[in-house]
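Below you'll find the structure, written out as structure tokens, and then a few comments.
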Protein chains: 4
Amino acid sequence: MSLNSFGHLFRVTTWGESHGPALGATVDGCPPGVQINAALLQHWLDKRKPGQNRNTTQRKEADAVEILSGVFEGQSTGMPIQLMIRNTDHRSKDYGDIVEKFRPGHADITYWQKYGIRDYRGGGRASARETASRVAAGGVARAAIAVLAPAAKITGYMVQMGEKKIDRTRFDWATIGQNDFWCPDAQMAAEWEDYLDWLRKDDHNSVGAIIEVVARGVPAGLGAPIYGKLDTDLSAAMMSINAVKGVEIGEGMAVAALTGRDNADEIFMGLDGPEFSSNHSGGVLGGISTGQDVVVRFAVKPTSSILSPRRTITKAGEPVEIITKGRHDPCVGIRAVPVGEAMMACVLLDHMLLHRGQVGQNRGMIGP
Amino acid sequence: MSLNSFGHLFRVTTWGESHGPALGATVDGCPPGVQINAALLQHWLDKRKPGQNRNTTQRKEADAVEILSGVFEGQSTGMPIQLMIRNTDHRSKDYGDIVEKFRPGHADITYWQKYGIRDYRGGGRASARETASRVAAGGVARAAIAVLAPAAKITGYMVQMGEKKIDRTRFDWATIGQNDFWCPDAQMAAEWEDYLDWLRKDDHNSVGAIIEVVARGVPAGLGAPIYGKLDTDLSAAMMSINAVKGVEIGEGMAVAALTGRDNADEIFMGLDGPEFSSNHSGGVLGGISTGQDVVVRFAVKPTSSILSPRRTITKAGEPVEIITKGRHDPCVGIRAVPVGEAMMACVLLDHMLLHRGQVGQNRGMIGP
Amino acid sequence: MSLNSFGHLFRVTTWGESHGPALGATVDGCPPGVQINAALLQHWLDKRKPGQNRNTTQRKEADAVEILSGVFEGQSTGMPIQLMIRNTDHRSKDYGDIVEKFRPGHADITYWQKYGIRDYRGGGRASARETASRVAAGGVARAAIAVLAPAAKITGYMVQMGEKKIDRTRFDWATIGQNDFWCPDAQMAAEWEDYLDWLRKDDHNSVGAIIEVVARGVPAGLGAPIYGKLDTDLSAAMMSINAVKGVEIGEGMAVAALTGRDNADEIFMGLDGPEFSSNHSGGVLGGISTGQDVVVRFAVKPTSSILSPRRTITKAGEPVEIITKGRHDPCVGIRAVPVGEAMMACVLLDHMLLHRGQVGQNRGMIGP
Amino acid sequence: MSLNSFGHLFRVTTWGESHGPALGATVDGCPPGVQINAALLQHWLDKRKPGQNRNTTQRKEADAVEILSGVFEGQSTGMPIQLMIRNTDHRSKDYGDIVEKFRPGHADITYWQKYGIRDYRGGGRASARETASRVAAGGVARAAIAVLAPAAKITGYMVQMGEKKIDRTRFDWATIGQNDFWCPDAQMAAEWEDYLDWLRKDDHNSVGAIIEVVARGVPAGLGAPIYGKLDTDLSAAMMSINAVKGVEIGEGMAVAALTGRDNADEIFMGLDGPEFSSNHSGGVLGGISTGQDVVVRFAVKPTSSILSPRRTITKAGEPVEIITKGRHDPCVGIRAVPVGEAMMACVLLDHMLLHRGQVGQNRGMIGP
């Protein structure tokens with residue numbers, strides 16, 4: 001019920017603000033005997049780290065993770081794992097203008113109204129910096145999944161920036177890691193680069209994006225009706241990421257335009273069990289995984305902190321204009337890719353443990 | 001952590017199958033002193049009830065709700081409220097064909113694989129009949145909201161059926177209750193009627209839909225970072241509804257195509273507090289309500305049970321064709337409208353109680 | 001977080017009042033494939049049923065349980081199991097006197113102060129009738145335990161009534177079911193019978209008791225540090241039973257008088273693994289089961305509804321005397337025996353599922 | 001559902017091991033605007049700190065707490081508060097003997113069996129060092145209680161060591177802070193001192209104790225039936241403390257020996273509302289606070305790590321003797337006093353927030 005936790009059996013609680021001394025995640029319920037060390041987690045954190053190229057915020061953070069508990073001699077002990085990341089580059093002076101003004105499209109105003117106290121040095125708890133904690137926790141989840149479902153593989157990538165969508169016919173898994181955008185379409189990656197340069201330097205603007213995360217090799221049977229559905233938990237997990245305004249499973253919103261005949265993923269018998277003619281379902285039927293790829297998409301809104309003036313008010317209710325200087329991502333969606341992967345990992349592991357807890361292993365056989 | 005529960009303080013657990021003796025909801029955490037009676041809940045259930053016109057399943061269910069606990073002399077006592085709805089019209093013979101075959105696009109196969117036991121008389125727990133329980137619980141939530149936030153008003157409607165979208169310039173709140181589709185665009189409602197007649201009678205097919213639910217008069221300050229965000233809980237609530245594959249808050253997936261300048265809802269000082277130039281945010285910033293309309297949309301896939309033959313397999317793994325006779329909704333999205341409203345009501349009430357619990361009342365003043 | 005639920009993975013929510021139409025339990029998280037039917041649950045309910053002999057309340061209740069969901073063709077489906085028990089013998093007229101007066105030692109006054117509404121027809125939600133729901137849920141738990149840990153055996157019995165304690169040298173398991181008190185000491189059972197006759201008929205009084213519940217054959221490894229300890233959950237489970245004021249594990253409060261040397265249960269190697277020279281720990285070390293008998297004791301206070309006059313006040317604050325007629329248990333501890341057993345069963349099953357979820361099976365070997 | 005968390009709305013998750021780099025607590029759900037700083041928390045930690053006199057372990061720990069998040073400019077922000085305490089004096093060499101041997105009466109064997117990995121450098125997660133985290137969290141709870149219920153005052157003290165009980169006629173609140181035992185009976189404190197000297201130096205032994213924690217000034221109305229009772233949560237909170245084997249509310253286990261007439265706390269009308277002739281109930285009726293003192297007692301077993309030889313086995317199953325050198329508390333109950341206070345504070349605050357969430361404020365008036 002904790003407001004800053006998610007997960008049932010594999011339970012992650014994040015803490016920390018963008019300009020406090022540190023942030024991190026308390027990860028509870030990890031199976032014992034999983035090989036975990038800081039370097040392994042750092043691998044994932046480095047993917048999300050700011051300041052790595054000109055397309056993301058120039059804030060310099062080492063994002064070095066320390067494991068403070070729950071790991072002994074390189075293995076998880078089954079006890080809570082505390083992951084801490086020190087904040088090192090927090091130049092508070094950049095934020096002077098937002099002490100009294102509310103950024104349009106930002107959580108400034110709601111935090112102030114609700115809590116009556118706001119960490120004006122940055123986004124505070126609402127900052128995308130919080131997602132570093134998720135990525136660290138996701139690294140733990142990946143390590144445990146590697147033991148429980150070795151074939152599982154989680155990959156995120158960007159499929160849309162502004163109005164520019166990838167061409168699925170050019171989709172290439174190998175391309176994803178070879179550009180600054182986690183883009184599976186090399187040609188579109190080049191277009192995005194030019195577009196973002198213009199947007200940042202000339203237009204003083206930011207832009208939204210759509211991320212897709214796919215989990216391959218997920219066993220059938222994960223998830224539980226009705227409010228513990230795999231896709232219910234995935235959608236909450238993705239919607240909880242900063243700036244996300246929409247979540248889709250499989251066909252997503254486009255399912256509205258399909259008929260039942262078109263949407264039916266017909267079933268065949270394969271060598272290793274049931275196979276499907278298509279994957280409109282996104283790998284989830286009735287909230288339970290089918291064994292197909294689990295496919296989730298989410299839309300990330302454009303950063304509200306931009307150099308273009310916007311009209312707003314002060315705490316005193318005075319009308320003013322605001323320009324947010326600081327160091328902000330022109331397309332925060334880029335760095336959301338490893339975050340989406342981490343959330344997928346956490347949710348999948350959680351459901352592996354839940355499934356094992358209630359059911360043990362799949363009970364219904366199909367075949368002769 | 002219960003798999004069949006949702007909510008933090010206002011907590012709803014549903015139970016029951018489509019062809020069992022009864023189904024219902026155990027509603028815990030309702031404030032005491034709220035006026036509740038069966039007639040009041042029945043009002044909402046009647047909106048969702050099947051068999052009311054030719055556009056929905058012809059199954060006849062009274063959907064009469066009984067209050068078994070938690071209400072005394074017409075008022076909630078603060079104790080759990082048990083709401084029971086007897087199943088009356090469950091013609092099991094209709095379902096003979098699906099005992100051995102899996103319907104493509106249906107939970108049949110995943111339930112079987114996971115649990116090794118399946119209520120083949122109908123959808124069992126995966127049936128849309130479960131949503132009657134939600135509507136009953138939502139009636140309780142509405143009654144409590146009427147006390148805590150009398151100005152709040154929750155309205156759902158359909159904005160798309162198949163490829164046919166409403167014309168927002170013809171949007172009329174008054175029209176919503178005047179057609180079989182909860183459609184705010186009278187002209188489109190007429191089109192849908194013809195389309196659905198053809199689809200059902202001639203095409204033996206079904207179709208998807210998009211539902212929008214709007215809560216007006218919601219006070220600012222509801223929701224809590226990071227994993228208890230109002231929109232996180234709303235998205236989980238909507239995604240947990242049968243057949244839903246996508247959820248959007250405010251601008252939703254379309255936010256990806258916007259720039260930061262366009263997406264910023266500029267802020268002004270109104271007579272009663274802050275006002276906004278637009279509502280791209282859907283009434284939620286940083287997971288906390290702004291006081292604007294809370295706007296959620298979700299996409300419902302087409303019913304998988306159709307009269308057109310689809311290829312599938314049997315439990316024994318044999319390839320077969322399947323036609324699902326039974327009595328199914330050609331557009332199950334229609335009856336999802338009151339369900340979406342109910343989920344909105346439950347989530348809002350839950351966050352009203354959470355907010356009161358942690359914060360008491362909003363603490364940050366804006367204005368001179 | 002539901003206030004009327006307990007358990008992590010095997011989660012029980014009870015509902016209902018003593019004088020409402022029905023009460024029951026929503027049991028979520030039961031493994032699929034467990035053989036369950038009403039007769040099996042009735043067996044346990046009949047042990048708790050009132051009106052079976054002169055030593056308990058003369059209220060006549062069939063306590064017939066109906067299974068409304070979650071069981072299909074005699075097996076659990078993995079879906080929530082709704083268990084309903086109709087109230088049949090609720091003579092409200094008996095309770096006229098307590099509409100305005102608060103019974104000393106009863107929840108009347110706190111319910112009124114907190115909720116401002118009280119089901120004055122009886123104890124309402126605070127009535128011991130609620131425990132029927134627990135016994136029904138416990139029956140489900142026992143059936144699942146029979147699959148997961150066939151050797152496990154749960155037995156409750158009374159060890160003290162008033163100041164009269166059993167003589168442990170006369171302890172005989174076989175005697176427990178052969179008297180009205182679940183007493184393992186036949187001689188003491190006879191004494192209690194005389195004492196209770198006098199107390200009820202001549203003294204118009206009631207008396208407290210101590211119940212002990214032992215679970216034999218519990219595998220080592222159940223329970224989890226720090227706040228999910230097996231004994232933490234057991235103590236909450238027992239303390240949640242009406243009228244319970246103290247809970248002990250193993251040596252219990254008496255451990256205070258022991259030295260470390262005396263309290264150490266020395267360890268030996270037996271044929272099937274570690275064995276212990278004694279069981280001061282009550283089968284739990286560090287919150288995790290040792291494989292020894294799990295031993296819990298709890299004290300039940302005397303019924304506050306007695307025929308002797310006590311001083312109290314009315315809602316209006318007027319001083320008055322009160323005599324509670326109704327039909328009440330002179331020693332409500334007697335009927336708490338099957339309730340304690342049911343709670344033990346629910347907690348053990350829950351921890352079996354939790355253990356399987358996080359750990360799978362015990363990982364540390366002991367032996368050559 | 002997190003295994004290392006407790007509380008509903010005010011939710012504490014502790015983490016860390018006795019010989020890891022640090023330990024701490026993630027405190028979620030604290031109301032905003034509460035004045036909190038490290039010095040304020042340190043005050044409570046210093047009460048529990050080891051090595052302060054010859055009666056407790058000689059391990060030297062500064063137990064200096066750092067606040068890493070959730071507090072800004074001296075006030076809680078409503079965000080999670082991360083409290084970290086570095087371990088400084090962890091001399092692992094002391095623990096060489098327990099790498100292969102299991103200490104009788106200690107969690108060594110169960111942790112090993114369950115998890116197959118154990119932090120042999122000390123008690124690991126099972127060490128009483130974990131309770132420092134609770135005391136830090138309790139400091140936060142006390143600060144919030146000071147705002148919400150300024151009259152509330154929580155005091156713990158020891159009432160029994162070994163077989164030596166305090167004389168209640170000599171009870172003096174002022175004495176509690178004036179001896180090393182938090183003992184309200186100065187004469188008994190002197191006796192305990194001699195006894196403990198002998199036990200430690202001559203007998204190489206340890207001893208159990210009983211702690212009582214009283215909360216005065218608690219408003220009526222806190223707690224909720226049936227599984228969210230105030231006393232249910234208190235008993236779980238106390239039982240979760242290391243080495244606790246029994247918990248009592250009010251009369252506790254002794255209630256068994258009382259009759260209904262004796263146990264009834266008769267009710268009178270006082271100037272400020274209802275008053276009671278006695279407090280057998282320990283301030284809780286039906287799980288809800290009465291406004292009287294809330295009284296909890298718990299028994300702490302003697303430390304299992306003693307200098308006297310005990311028989312045990314090794315991981316290989318070989319029979320051996322064990323003597324635990326290290327630096328251990330001869331009566332760990334002494335340092336449990338501030339821990340019990342902290343748990344009382346956390347539970348009370350949690351129920352204040354829960355009460356405000358569901359009910360707002362007490363609704364039932366008593367009086368003319």
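Reminder, nothing fancy here: chain letters follow the sequence lines and each chain counts from 1.
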To the nearest 0.5 Å, what is the distance between [atom1] ([X]) and [atom2] ([Y])?
X	Y	atom1	atom2	answer
C/K114	D/L222	NZ	CG	6.5 Å
D/I109	C/F276	CD1	CZ	4.5 Å
C/D262	D/K301	CG	NZ	14.0 Å

Heavy-atom distances under 4.5 Å only: say whether C/S289 touches chain D with side chain, backbone, both or neither.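 For C/S289, the backbone is the part near chain D, not the side chain.
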Check whether C/D233 gets within reach of chain D through its side chain, its backbone, both or neither, counting any heavy atom under 4.5 Å.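 Contact with chain D is absent: no heavy atom of C/D233 under 4.5 Å.
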Region of [X] that comes under 4.5 Å of a non-hydrogen atom in chain C:
X	result
D/I241	backbone
D/T290	both
D/S305	neither
D/E130	side chain
D/H106	backbone
D/P319	neither
D/I306	side chain
D/I117	neither
D/M365	backbone
D/Q113	both

For the pair D/E266 and C/R310, find out whether any cationic side-chain nitrogen is under 4.0 Å from an anionic carboxylate oxygen.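 Salt bridge flag = yes for C/R310 with D/E266.
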